[in-house]
Amino acid sequence: MTHCLEGKHLAFAYEPGQDILTDVDIAVRGGEVVGIVGPNGAGKSTLLRVLCGLLRTHSGQVRLDDKVLASFSSIQRARVIAFLPQTVNPVFSLTVFEVICLGRYPHVGALGGLGRHDLEVAERCLREANAEELRDRDFMTLSGGERQRVLLASILAQEPSLLLLDEPTSALDIHHQTEFFALLRRLCRKGYGIGVVTHDLNLAARFCDRLILLSIQRRLLAQGTPIDVLTEDLLSQAYSARIRVGVHPLTNTPLVTADAPEEEP
Amino acid sequence: MRERRASSALVVGVALVSVGIVIASLTIGTETLSFRQAWVEWRQDLPMHQAPTLSIIVQQRLPRTLAALIAGAGLALAGCVFQAMLRNPLATPYTLGIASAGALGAWVGTIVLKALNISFSFLSFSPIEAFSFLFAGLDMLLIYLLATRHTRMAPSVLLLAGVTLGMLANAGIMLMRYLAHPELLVSMERWLMGGVDVLGYEPVTTLLVGVTPCALVLLAQAAKFDQLGFGAELAAGRGVNVNRLQLVTFGIGSLMTAIIVSKVGPIGFIGLIVPHAVRGIAGSLHRVVMPLSVIVGGAFLCCCDIVARKLLPGETPVGIVTSLIGGPFFLYLLMRRKFTDWEV
Ligand SMILES: Nc1ncnc2c1ncn2[C@@H]1O[C@H](COP(=O)(O)OP(=O)(O)OP(=O)(O)O)[C@@H](O)[C@H]1O
Ligand SMILES: [Mg+2]
C-alpha cells in the first residue's frame, strides 16, 4: 500500500519573532521522488523535521494518509516514515551490521531483541545499500561516504514506506552519488515515497519527479517538475546570485551552474 | 545469531565467576570458614550462639556480601546509563553531584544532631543516612529545575549544573571539616571513604527494595540508549521519546545512586570503569552492556570487599580498595585495548 505525507500551510519558527517557514505546501506520495532544494539556511532541514513530526508546526497541518500526523504514536509513525538527519554523530563504537540492526527499533519490542526475520531484513538492506564489504567494520572507523551508505541501509531496515533524507549524498563520490539516486528511483518504483534534500541540482534534475525550491526569504518559491523549477529566473532569485541553466549534453536534463563573482559581466 | 550466542556465553561465564566470588566472600575473612562446618551446625539445629560458623556466615558475611553486590551493581548500572544519556565517557553516578551532596548532607546531619542532641529514624534510614538522602534529593531537584528552564531537558545543562553543584557541595564539606571537632572528623572521614560493612539485614533490605525497581526500569530502556548513541535526531525519527528517556534516566539513575550512597557512602570508580571494561569486552549494545555491568559491578565490589577485610590490615574502607584495584586495571585496559574515540 502506498502512503502519502502532506503538509499544508506549514509555518515554523525556532524562536519567537523568527519565521523559518511561512505558508509552505508540500506532498510526498508513494511512487515519487521529491527533491527539496534551496540555499543554505533556507529551512530545508527544518521542513523535513516538521514533516516527520519532530517539530510541531505553528500553523497548518501535516497529514499522513489523511490523518493528522500528531495523532500517530511515535512508533507507529516510525514504521511508515524514516528520517535520516543531516548530521549523525555516534558516540559508541558498533559494527556496521549492528548499526543496521538498530533500524529495526520500531518493529521489535522494548528490549530490542532481534528475531530471525529482523536479521534477514538487515542483511538484505546491507546488500541493497552496497555495503556488504563493510559488514564487520567498526562504524566509527568508516569514511564519511561509507557512513552515509551504512546509514541509508539502517534507514531501509526500518522498512518504511516514506523516506525523508537530509543531504544523504553530501559525502559520496560521483559514482556512489549516482548509484544512490538510482537506488532511490528503484525504491520509488516499488512504491516508496521519497523526500530528499540535496544541494546537487544536476542530480536532482536527473532523478527527481518534482522539485520544491525554498528561498532564503524562507518561503516556498516554486514547485513542479525539474524543468519548471530549474529556470535561470527562479534560481537566481532563490540564491541571490547569477545562476545559469543549460541542457546536459549526455543526459538531456537541466544543467545548472553558478557564475563566480569575477566572471560576472 | 553468532554474535548473540557469543554474548550469552559471555554472560554465563561472568555470572559463574561472580558466583565464585560470592562463595569466597562468604568464607574468606578474618577467619576462613568452611561451608561443611556451617552445614553440620545447621543440621544439628543449634541455637545461633552455639553455632559460631553458621552465625558468622548468616549474621555478618551474608548481609555484607549482599550489600556489596547490590551497591556495586547499582553504581555500575548508574554509570552506564549516565554515560549513555549524557553521551560522555567520563560520566559517573557522581557526575551530577549526587555523592558530594549526599556527603554534605551526612555532615550536616551529624552536626545538627550533635548540636540538638536528638535522634530519629526515617523508614530504615539512620539520621545521617536520611540527611544524606535529603541533600542528594535537593541536588537533583535543583539540577532538574535548571535543566528544564528552557523548555526541554538539556543534557549539557545537566552536566554543567551537576558538576557545579558537586563542587559547591565539596566546598561545603571542606568548610565543615575545617570547623569540625576532631572526634567528629574521624567518624565522618570514615563515612566518606565508603564501606559495605553494614550490620544486619535492615540496610540490605532497604538497598534491595530501593535499587531493584530502579534497575529494572533502567534496564528496560536498553534499546533506546542504543538509538540515542547515534544522536537525538535519528533516535527521535525512529520513535524514541528522547525527552522522556533523558528525564527517566536522570530521575531514576540519580535516585538509585542517592539510595546507595546514603547506605554505603560514596564508593568511587565502579561507575566509571565497570561499564567501560564491559564495553571493551562485549561491544557497545546496551542490552548486553547493561546486564553485564550489573553482574560485573556487583562482583567487583564484592571482590574489593574481600581484599579490604582479608589482605589489608584491619577493616580497610572498601572505597580505597576499589580505587587501588580499579585504577591500575583500567589503565591496563586503556593500554591494551584499542579504545575507539567517543565522538562527543
Ligand atoms: N535549533 C535552532 N534554533 C534556532 N535557529 C535555528 C535552529 N536550527 C536552525 N535554525 C535556523 O533556521 C534557519 C533554517 O535552518 P535549516 O537548518 O532548516 O536550513 P537548511 O536549509 O537545512 O540549510 P543547509 O543547506 O545549510 O543545511 C537557519 O537560519 C538556521 O540558522
Ligand atoms: Mg540542512
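Here is how names work: the chains are called A, B, and so on, in the same order as the sequence lines, proteins then strands, and each is numbered from 1. As a basis for the values below, the full set of heavy atoms in this structure was taken, side chains included, without hydrogen atoms, waters or symmetry mates.
For chain B, the nearby part of A:R49 is the side chain; its heavy atoms alone come within less than 4.5 Å. Interface residue B:V240: backbone and side-chain heavy atoms are both found under 4.5 Å from chain A. Neither the backbone nor the side chain of A:L164 comes within contact range of chain B; no heavy atom of the residue lies under 4.5 Å from a heavy atom of that chain. A:S154 touches chain B through backbone and side chain together, each having a heavy atom under 4.5 Å away. For B:L219, the part lying near chain A is the backbone, with the side chain staying farther off; criterion is any non-hydrogen pair under 4.5 Å.
When the candidates A:A78, A:C101, A:P85, A:C52 are compared by the number of heavy-atom contacts under 4.5 Å with chain B, A:P85 comes out ahead.
In terms of heavy atoms, B:G237 sits closest to A:L54 at N-CD2, 4.0 Å.
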Point to revise | Derivation of the side-chain contact (heavy atoms from CB on, under 4.5 Å) call for A:N89 and B:R87 | key: CA-CA 10 Å; A:N89 56 335; B:R87 293 166 54 86; 3.3 Å; yes

Practice item. Show your reasoning for whether side-chain contact (heavy atoms from CB on, under 4.5 Å) applies to A:I155 and B:L234. Key: CA-CA 10 Å; A:I155 290 295; B:L234 190 66; 4.2 Å; yes

Exercise for review: Begin with the C-alpha distance, continue with both residues' side-chain angles, and end with the deciding distance and a verdict on side-chain contact (heavy atoms from CB on, under 4.5 Å) for A:L94 and B:F230.
Suggested key: CA-CA 10 Å; A:L94 295 180; B:F230 276 71; 3.8 Å; yes

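Proximity of A:F92 to B:L285: side-chain heavy atoms (C-beta onward) are nowhere separated by under 4.5 Å. Side-chain contact between B:R238 and A:I75 is absent, with no heavy-atom pair separated by less than 4.5 Å. The shortest side-chain heavy-atom distance between A:L114 and B:R287 falls under the 4.5 Å cut-off.
A donor-acceptor pair is defined here as one N or O able to donate and one able to accept, closer than 3.5 Å; such a pair exists between the side chain of B:S284 and the backbone of A:S93.
At most 12 non-hydrogen atoms from other residues, nucleotides or ligands lie less than 6.0 angstrom from OH of B:Y144.
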